S.K.: 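Just passing along the structure, written as structure tokens.
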Amino acid sequence: MTRLLLCGVFKPFGVKDDTTEPLCTMELLNNQVTREQGIHSPRSNNPSFALYLMAENIRVPVTVLDFPTWEEFTREIDSGSYSHVGISFITPNVIKAGRMASYVRSHCPNTRIILGGHGTAIPELRELVDCDEICHGEGVSWLRKYFGEDENRPIVHPSIPSAINAFIYGAPIMGKAGIIIPGVGCQNSCRFCATSHKFDRKYHPFLRTGKDIFAACRKTEEELGVDDFGLMDENFCKDPVRARQLLKEMEKKGKAYTFSTFSSAEAITALGIDFLLRLGVNFLWIGVESKADLFEKTKGIDLHQLIADLQDHGISVLASAILFLEHHDKESIHEDIDWAIGLESDLLQFMELGPTPGTRLYKDYEEEGKIIAGIPWPRKHGQDEIWFRHPHFTLPETAAYLREAFIRKFLAHGPGVLNMAMTAIKGYLRVKAEVAERERSGLKWDPETLRYVPGDNAGPDVFMQMRLDSIKGNALRFRPALSAALKYAPNRQAAEKCRKVMALYNEAFGPMTIIERAKSLVVRFLAIRENRRTRKEGAIMRQPPTKRIAYPDRALKPAAKKCAVAIGPIVEQPEVEATAQPV
Ligand code: B12
Ligand code: SF4
């Protein structure tokens, strides 16, 4: 009988062994964004979204095994239950994928091995990983075709949390968000971009309309009880029609969901801040890359102004910049680092230029003989040393530039979490005043021009009043963390900023309630523990918990037919319990 195991690669991540590297942990903020911020760095893992999306959308019985230990993986294989094993991996994890495939081959020789994910771009993949099939692109349609199913069936969106295992100052983060995956790929086709090239420099939508996205949000809200979502889309604002439909749908149904997403500067500018705010965007990741206007997406845009405007309206910005670009020498790299810090985004990611297979950059560098042979794949992850010949930098010195850049940002602007609190509270006060002013002067929202225009009997803006509640809720999430931010402030500037933020909270909401004070005390107490542990152990390593879900045989059930986001039943089998955290 056909039965598929879909799994990610085995943990642990981010340790020094022959399959992974210390700066390749399974964490976004702590590893790549709030790196070097110590106890101030928020911690979390993200589920491997692709596994759940694919499992939900094929009819053969599937089991998802996310973040297994080696023992959990081999136990699953030893059960002999699977005719097919699909392994999802990115390039730095190819050795792990290879080991898993060898185990399957030697213990279950009749099982077919399918590889998918970004790691499939590795040119010599078949030498490194024993396999039968490779899916180079989008996995849902590939698996449907492979198992002889209808490729064009509507997508069933899975209900999954955006992050798990989340902590701040050692305290568990209570507020939860769901993840929505509108599509994969991006048509902007920046030369270095792995995700754009993986999907043939095209956008591949799963949720084609705003209504589809809204339905996915509703489903996730019902199943997980969340109203805040990460929109896992490389460039969400690039499809303004769909974004407008989503707002229309939310207004019609009286739902003021909130969103974090990725978008390029030109697409954000085209939609405008009034629109984004009304839509509920409270966090934007913008690739600013470099002050040398190298990319179409930032050409002619005043990024400093754009980021300040977004922040003034309560939208936190994570800007990302690339180091070791071709024009960088020992002087200009510092100019670029200073420029990126000078944008004053809440959070700032520095990544090294990484020629990854499949991209135009890789092809050019390969032809020019710039890729250095013999560097193991696990080392090519972007947070340590570069792996190509740069005219001005030796490999070993590159890691220090990156570390320095993170430290400079931290010392200049303080903890990322404090910056986000500042944006949230300033934004709340500003938006509240703007809504009141518009109501006084009779302005109303015009969905055509995406502006506020004079209107007859405009009356109260009911949707923006709801939105204000969500902005307030977002701001209040940070309040209990502020006293820990103050206690461990890295310098006087950061401490002053923290006091200023606390004063703004008092101005907006009055003194802390008893519950807020209790929460704040708990965070302070847990922060002491976290701080002691950090001092004793150096960096605290948190591994993601294992998740195992068996999906039923949907071939026996009628196809979901109502709408693009059809809801299929998930039978959650007993999970392999979260393995003990190596804390
Ligand atoms: C979420 C995320 C993470 C999470 C981890 C999530 C996880 N559980 O693995 C965090 C933040 C921890 C993270 C960390 C890192 N990440 Co990351 N991450 C992403 C991100 C933003 C989204 C991935 C995602 O879910 N996409 C949505 C799903 C639906 O798309 P997908 O994964 O591509 O899957 C589709 C296909 O690839 C295919 N498919 C995938 N698997 C399989 C399996 C089978 C069997 C089949 C048939 C098909 C198939 O079908 C899917 C549906 O179409 C991507 C960028 C992006 N937008 O994709 C980067 C990305 C994957 N990350 C990347 C990198 C480099 C890293 C780090 C190495 C960075 C670092 N130095 O810290 C670390 C490595 C962590 C580790 N130890 O493994 C690179 C990978 C480049 C490459 N060539 O491999 C990407 C592409 C970013 C980039 N543009 O450079 N990451
Ligand atoms: S805009 Fe962003 S996602 Fe799109 S191609 Fe450029 S770097 Fe990639």
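Only heavy atoms go into these numbers, but all of them, side chains included; no hydrogens, no water, no symmetry mates. Numbering of residues begins at 1 and proceeds along the displayed sequence. Owing to the predicted nature of the structure, the values given are computational and were not obtained by experimental measurement.
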S.K.: Consider only side-chain N and O atoms of S470 and R467, and report whether a donor and an acceptor are under 3.5 Å apart.
M.R.: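 Note: S470 and R467 side chains meet the donor-acceptor criterion.
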
S.K.: In this structure, is the centre-to-centre distance between the rings of Y257 and F214 below 6.0 Å?
M.R.: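 Yes - the distance between ring centres of F214 and Y257 falls below the 6.0 Å cut-off.
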
S.K.: Distance only, no hydrogens: is a donor on one side chain within 3.5 Å (strictly under) of an acceptor on the other, for E296 and N188?
M.R.: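 No - no donor-acceptor pair under 3.5 Å links their side chains.
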
S.K.: Would you tell me whether W285 and T261 have side-chain atoms, one donor and one acceptor, within less than 3.5 Å of each other?
M.R.: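 No - no donor-acceptor pair under 3.5 Å links their side chains.
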
S.K.: Please walk me through it: do H413 and K497 pass side-chain contact (heavy atoms from CB on, under 4.5 Å)?
M.R.: CA-CA 9 Å; H413 297 141; K497 188 186 243 181; 4.0 Å; yes

S.K.: Does any donor atom in the side chain of E439 or Q465 lie under 3.5 Å from an acceptor atom in the other side chain?
M.R.: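 Per modelled atom types, E439 and Q465 side chains form a pair under 3.5 Å.
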
S.K.: Between F236 and Y203, is the ring centre distance below 6.0 Å?
M.R.: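 No; Y203 has its ring centre 6.0 Å or more from that of F236.
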
S.K.: Answer yes if the side chains of T209 and D212 hold a donor-acceptor pair under 3.5 Å, and no otherwise.
M.R.: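 On atom types as modelled, these side chains qualify, holding a pair under 3.5 Å.
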
S.K.: Could you list all the salt bridge (charged side-chain N to carboxylate O under 4.0 Å, His left out) pairs where at least one residue sits in residues 41-53, not counting sequence neighbours?
M.R.: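 Qualifying pairs: E27-R43.
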
S.K.: Answer with yes or no whether the side chains of Y169 and H40 bring together a donor and an acceptor at under 3.5 Å.
M.R.: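 Indeed, the side chains of H40 and Y169 share at least one donor-acceptor pair under 3.5 Å.
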
S.K.: Do any N or O atoms from the side chain of S345 and from the backbone of L347 form a donor-acceptor pair under 3.5 angstrom?
M.R.: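 Yes, S345 side chain to L347 backbone: donor-acceptor pair under 3.5 Å.
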
S.K.: State whether a side-chain donor-acceptor pair under 3.5 Å links S162 with K176.
M.R.: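 No, because no side-chain N or O of S162 sits under 3.5 Å from a partner of the opposite role on K176.
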
S.K.: Verify whether the ring centers belonging to F478 and Y505 lie closer than 6.0 Å.
M.R.: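 No, the ring centres sit 6.0 Å or more apart.
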
S.K.: What are the two closest non-hydrogen atoms of V523 and I168, and how far apart are they?
M.R.: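 Looking at all heavy atoms of both residues, the closest pair is CG1-O, 4.4 Å.
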
